[in-house]
Asks: 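Let me give you the structure first, and then I'll get to my questions.
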Amino acid sequence: MNKRFFIILICFIAANTCIAQQFYWSTANTDSVAIDRQIPLLANEVLSNYKNPGDQRTYLDNKFKLEILAHKYADAKETVFALRAISRDRDPGFADLLYIQHELFAQAKLDQEAANGDFKTAFTNQFRKFFKGLSDKEAIHISTAFITRNGIDELKNNFQNSITAIKQDGIDINIALSVCKNYYWFRVYETMEPIARQLLREDDQQRYVIQDSVLIKTRDGAYISAIVVHKKGVITPQPTILQFTIYTGAISAITKDDVARGYIGMIAFTRGKRFSPNEVVPYQFDGNDCYDVIDWISKQPWSNGKVGMYGGSYGGFTQWAAAKHMHPALKTIVPSASAAPGLDVPMMNNVFESFVFPWIYYVSNNKFLDYVAYNNTAKWDSVNAKWYVTGKPYHSLDSLTGRGTNKIFQSWISHPAYDKYWQDMIPYKQDFSNINIPILTTTGYYDGGQVGALYYFREHYKYNKNANHYLIIGPYNHYGSQGFVSIPDPEPVISGYQIDPVANIHIHEIIFQWFDYILKNGKKPEILKDKINYQPMDSNEWKHVPSLDKMSNDTLKFYLSNVRSGDHYILSSQKQVKSGFLTETVDFADRKTSNTFYHVDTIVYNKLDTSNGLSFISEPLNKPMSINGCFFGETKAAINKKDMDYNINLYELMPNGKYFYLSYFMGRASYASDHGTRRLLKPGVIETIPFTNTYLTSKKLEKGSRIVIVISVNKSRDNQINYGTGKEVSSETIADAKTPLQVKWYNSSVIKIPVGN
């Protein structure tokens with residue numbers, strides 16, 4: 001074979017390979033009938049060419065969907081079996097239930113073909129046969145797999161968007177696979193979900209007695225809507241597990257799970273929600289209302305007089321609100337990722353954050369939840385952008401929605417200090433001394449509710465030395481730290497960081513081990529070896545200490561030097577002899593730029609964008625050590641105005657050159673010493689500005705790692721802008737931005753980081 005012929009042959013093979021990887025898709029056929037004809041042909045063609053991309057789980061997951069679309073139902077079942085066999089680690093307690101909805105769908109299609117019948121009959125028979133053999137816990141766990149999270153319309157839109165993006169009839173295998181998968185989710189659930197919903201209700205009626213329209217009258221005449229679930233045929237009084245929440249979404253699995261574990265299950269809603277005729281007011285009345293709900297429970301014939309509460313985020317807050325107004329029947333609470341209104345939501349260290357603004361409409365637009373409004377991210381982005389660009393006062397944010405004045409929003413921003421308005425909602429100071437019930441708190445290093453969760457924990461021990469309060473904290477985000485009925489938690493990968501294997505605990509199971517321990521004299525959860533139970537990242541071990549202070553045995557102290565080294569400044573372990581400073585200038589009138597260093601979407605960075613702040617990097621660590629706790633310190637600064645909002649971010653620069661996000665602080669300088677009292681800065685005077693309310697973290701650091709601090713003045717569309725006039729920040733506008741803010745950060749500013757071995 002001569003060289004010229006060989007080259008021609010290679011080109012011919014390559015050309016035909018490319019042709020083989022092009023799949024026909026008619027952009028002209030846009031009606032549903034034509035698409036339904038095209039998809040099985042496309043799926044069959046993709047299936048013939050689809051190779052393992054190197055991840056067996058992903059390969060099999062895609063393969064069974066293609067087989068179902070290609071009407072190869074028997075093959076799809078075999079693929080599901082193979083996928084289940086290698087996926088048991090995802091949910092080991094219910095491994096045999098993995099992917100069962102797809103298996104039943106494929107089997108129903110086979111039965112439909114064999115009987116020449118209809119799908120509904122075939123699926124109904126398979127569903128009933130399968131669920132008849134399930135325990136209550138198994139039925140609850142798998143029930144949500146048959147129901148879409150946000151409705152069929154979302155899946156339909158995803159599919160429509162995928163085909164709208166196709167501009168030519170020839171598509172490659174990746175696009176073809178994406179189209180098939182989006183079609184699969186849409187069509188399969190459109191077909192299956194309505195039937196499954198009816199069958200799930202039927203299954204519930206055989207297992208439970210469900211009272212879903214309970215109304216409880218409060219002492220001040222309001223009504224609380226609630227759902228109570230009992231095990232069918234059980235009449236012995238039992239302890240009650242209560243969740244009190246503002247979220248009236250998919251709630252049936254919550255109460256049924258309580259019952260399956262030997263309790264009365266109950267969920268009650270913030271006044272104004274569900275069937276309550278009152279106005280929706282988040283936070284303000286929940287404590288007293290929860291007391292009245294618990295009082296009602298204690299008087300029911302099915303109650304044995306013991307009530308336990310659990311729930312996350314808002315449901316964590318309501319437990320502490322209930323503890324502020326302690327009813328004798330409340331025997332324990334398990335708050336997770338607990339919000340602390342006035343301290344971490346809707347403002348953090350006195351700075352109002354806009355991410356919570358759409359939430360107001362989500363929970364208050366109707367008696368349930370306004371998913372349509374809340375999920376319209378384009379609208380909320382537009383509102384924030386318009387506010388930022390025009391420089392309108394922050395109190396006008398609601399007017400930019402086109403809905404007019406929002407009473408909830410206006411109530412919040414009229415209380416920029418942590419005053420009685422906020423203090424009345426949750427335990428405050430001496431209130432904690434009266435909380436003597438056992439408590440288990442769960443949170444995470446990357447949980448947005450961590451600041452609130454640790455506020456309750458610290459204050460409880462501060463005012464009650466004999467508190468019986470346990471803490472579990474690890475590399476979890478807001479959702480992963482809560483524990484859910486049907487979702488294995490926490491997430492094995494969080495914001496790109498793969499957590500240690502030992503961190504992958506099932507928090508929901510631990511919560512009910514705790515309830516059994518307190519309410520049924522069971523065994524204490526194995527993980528609770530001491531009051532503080534934490535998982536240092538990259539150590540693959542849990543540690544247990546009696547208090548937060550005992551997490552560390554030393555403190556690294558660093559100074560923000562004004563000595564430059566490359567593109568950053570030195571984070572010095574020694575205070576400089578000669579006083580000096582670095583100047584940061586921020587022009588609030590310039591709306592072409594912004595800086596945002598919080599709300600982390602990524603944990604490990606290849607590079608940090610420090611263009612809108614000052615970065616400081618330490619010398620390499622001379623030995624391995626762990627950061628354990630909350631960093632703190634005080635900045636020394638002089639500004640030409642009366643106030644500022646600023647951020648401090650903490651990172652590890654690893655020996656491989658990547659940056660690991662560890663912790664964060666944002667706060668308003670005028671409230672640095674007291675969240676309840678504003679003390680304006682004196683222009684031109686060097687001020688001491690302490691900071692303490694940071695996120696707790698724990699991570700094993702390698703020898704050779706460096707500590708990185710990034711400090712910046714806040715100027716972002718994601719929260720208030722403090723122009724520094726000394727006026728109420730919500731009333732300031734871009735007209736107050738005539739003179740740029742100048743900050744002199746002095747080299748006596750100190751950062752303290754707790755560490756241990």
Side-chain angles (χ1 to χ4, degrees), residues 25-27 29-40 42-43 61-62 64-66 68-69 99-102 104-106 108-109 118-120 123-124 127 142-167 175-201 212 246-254 273-274 355 357-383 401-403 479 484-487:
W25 178 266
S26 175
T27 54
N29 293 332
T30 57
D31 65 278
S32 60
V33 175
I35 289 173
D36 288 345
R37 284 198 300 262
Q38 277 199 94
I39 289 292
L42 180 64
D61 189 87
N62 289 332
F64 84 73
K65 295 181 177 70
L66 293 170
I68 287 177
L69 293 177
Y99 309 101
I100 194 64
Q101 71 273 37
H102 309 288
L104 293 187
F105 183 90
K109 282 292 187 180
D118 65 279
F119 177 79
K120 182 176 181 179
F123 184 79
T124 298
F127 186 98
I142 198 60
S143 61
T144 54
F146 295 88
I147 307 298
T148 54
R149 179 173 294 182
N150 295 322
I152 301 297
D153 285 345
E154 180 184 62
L155 302 180
K156 183 178 181 180
N157 289 337
N158 290 342
F159 172 67
Q160 291 291 344
N161 290 338
S162 69
I163 62 174
T164 300
I166 300 174
K167 303 301 181 183
I175 295 175
L177 181 61
S178 177
V179 167
C180 287
K181 287 166 63 177
N182 282 319
Y183 180 88
Y184 177 88
W185 289 114
F186 162 48
R187 275 287 187 241
V188 166
Y189 274 86
E190 182 187 49
T191 304
M192 177 176 64
E193 182 174 306
I195 309 170
R197 283 186 180 276
Q198 181 179 343
L199 293 170
L200 287 168
R201 285 193 293 270
D212 64 354
I246 201 168
Y247 299 116
T248 47
I251 43 79
S252 60
I254 296 171
K273 300 299 291 182
R274 209 160 186 263
F355 80 91
F357 179 65
W359 180 88
I360 298 173
Y361 299 89
Y362 174 54
V363 299
S364 67
N365 275 359
N366 57 46
K367 294 293 182 180
F368 291 84
L369 295 172
D370 194 340
Y371 289 103
V372 174
Y374 191 58
N375 291 330
N376 189 356
T377 54
K379 176 180 179 177
W380 302 116
D381 287 345
S382 174
V383 168
T401 66
R403 292 175 176 265
Y479 295 101
F484 293 94
V485 176
S486 302
I487 304 173

Asks: Quick one: list whatever passes ring pair (Phe, Tyr, Trp, His ring centres under 6.0 Å) with W380, sequence neighbours left out.
Replies: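 Scan of W380 (ring pair (Phe, Tyr, Trp, His ring centres under 6.0 Å), adjacent residues dropped) gives F357, Y361.
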
Asks: Sequence neighbours left out, what passes salt bridge (Lys or Arg N to Asp or Glu O under 4.0 Å) with R197? Give chain and number order.
Replies: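 For R197, the residues satisfying salt bridge (Lys or Arg N to Asp or Glu O under 4.0 Å) (neighbours in sequence not counted) are E193.
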
Asks: Would you say NZ of K379 has more than 12 non-hydrogen atoms from neighbouring residues, nucleotides or ligands within 6.0 angstrom?
Replies: yes

Asks: Search all heavy atoms of M192 against all heavy atoms of F146 and return the closest pair with its distance.
Replies: SD-CD2, 4.0 Å

Asks: Roughly how far apart are T191 OG1 and K109 NZ, rounded to 0.5 Å?
Replies: 6.0 Å

Asks: Looking only at atom types and distance, does a side-chain atom of K65 sit under 3.5 Å from a main-chain N or O of D61, one as donor and one as acceptor?
Replies: yes

Asks: For residues 158-167, which residue pairs pass the salt bridge (charged side-chain N to carboxylate O under 4.0 Å, His left out) check, not counting sequence neighbours?
Replies: none

Asks: Mind checking side chain to side chain contact (heavy atoms under 4.5 Å, CB included) for A176 and listing every partner two or more places apart, or none if nothing turns up?
Replies: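 Partners of A176 under the side chain to side chain contact (heavy atoms under 4.5 Å, CB included) test: F23, L42, V46, I171.
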
Asks: For D153, what residues pass the side chain to side chain contact (heavy atoms under 4.5 Å, CB included) criterion, not counting sequence neighbours?
Replies: none

Asks: Under 30°, 30 to 60°, or over 60°: which ring-plane class applies to F186 and Y183, parallel, tilted or perpendicular?
Replies: perpendicular

Asks: Taking side chain as C-beta onward, heavy atoms only, is F123 less than 4.5 Å from D118?
Replies: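 Of all side-chain heavy-atom pairs linking D118 with F123, none is under 4.5 Å.
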
Asks: Can you tell me how far CG of D212 sits from CZ of R274, rounded to the nearest 0.5 angstrom?
Replies: 5.5 Å

Asks: How many angstroms lie between OH in Y184 and CZ in F64, if you round to the nearest 0.5 Å?
Replies: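 Going from the OH atom of Y184 to the CZ atom of F64 covers 4.5 Å.
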
Asks: Has N366 got a side-chain atom pairing as donor or acceptor with L369's backbone, closer than 3.5 angstrom?
Replies: yes

Asks: Taking only residues two or more places apart in sequence or in another chain, which ones pass side-chain hydrogen bond (donor to acceptor under 3.5 Å, both in side chains) with D370?
Replies: N365

Asks: Looking only at heavy atoms, which two atoms of L66 and C180 are closest? And how far apart?
Replies: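 Scanning both residues completely, I find the closest heavy atoms to be CD2-CB, 3.8 Å.
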
Asks: Sequence neighbours excluded, which residues qualify as side-chain hydrogen bond (donor to acceptor under 3.5 Å, both in side chains) partners of S382?
Replies: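 Listed in chain order: nothing, the list is empty.
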
Asks: When rounded to the nearest 0.5 angstrom, what is the spacing between OG1 in T144 and CD1 in I147?
Replies: 8.5 Å

Asks: Near K367 NZ, under 6.0 Å, is it more than 12 heavy atoms from other residues, nucleotides or ligands?
Replies: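 Yes, the 6.0 Å shell around NZ holds more than 12 heavy atoms from other groups.
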
Asks: My understanding is that only residues two or more places apart in sequence, or in another chain, count here; which of them pass side-chain hydrogen bond (donor to acceptor under 3.5 Å, both in side chains) with Y189?
Replies: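 Per chain and number, Y189 pairs via side-chain hydrogen bond (donor to acceptor under 3.5 Å, both in side chains) with Q101.
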
Asks: Using the side chain to side chain contact (heavy atoms under 4.5 Å, CB included) rule, take N158 and W185 through it: C-alpha gap first, then chi angles, then the decisive distance, then the call.
Replies: CA-CA 9 Å; N158 290 342; W185 289 114; over 6 Å; no

Asks: Can you name the ring pair (Phe, Tyr, Trp, His ring centres under 6.0 Å) partners of Y362, sequence neighbours left out?
Replies: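 For Y362, the residues satisfying ring pair (Phe, Tyr, Trp, His ring centres under 6.0 Å) (neighbours in sequence not counted) are Y371, Y374.
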
Asks: Just by modelled atom types, is the I175 backbone N or O under 3.5 Å from a matching donor or acceptor in the S178 side chain?
Replies: no

Asks: State which residues pass salt bridge (Lys or Arg N to Asp or Glu O under 4.0 Å) with E190; sequence neighbours excluded, sorted by chain then number.
Replies: R187

Asks: Who are the side-chain hydrogen bond (donor to acceptor under 3.5 Å, both in side chains) partners of K273, not counting sequence neighbours?
Replies: none

Asks: Show, in sequence, the C-alpha distance, side-chain angles and deciding distance for F119 and I195, and conclude whether the side chain to side chain contact (heavy atoms under 4.5 Å, CB included) test is met.
Replies: CA-CA 10 Å; F119 177 79; I195 309 170; 3.9 Å; yes

Asks: What's the verdict on side chain to side chain contact (heavy atoms under 4.5 Å, CB included) for F127 and Q198, showing C-alpha distance, side-chain angles and the deciding distance?
Replies: CA-CA 11 Å; F127 186 98; Q198 181 179 343; over 6 Å; no

Asks: Say you draw a straight line from OG of S26 to CD1 of I166; how long is it, rounded to the nearest 0.5 Å?
Replies: 10.5 Å

Asks: Rounded at 0.5 Å granularity, tell me how far CG in N182 sits from OG in S162.
Replies: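 Answer for the CG-OG pair, N182 versus S162, is 4.5 Å.
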
Asks: Which is it for W359 and I246 under the side chain to side chain contact (heavy atoms under 4.5 Å, CB included) test, yes or no, and what are the steps along the way?
Replies: CA-CA 11 Å; W359 180 88; I246 201 168; 4.0 Å; yes

Asks: For F368, which residues count as a ring pair (Phe, Tyr, Trp, His ring centres under 6.0 Å) partner, sequence neighbours excluded?
Replies: none

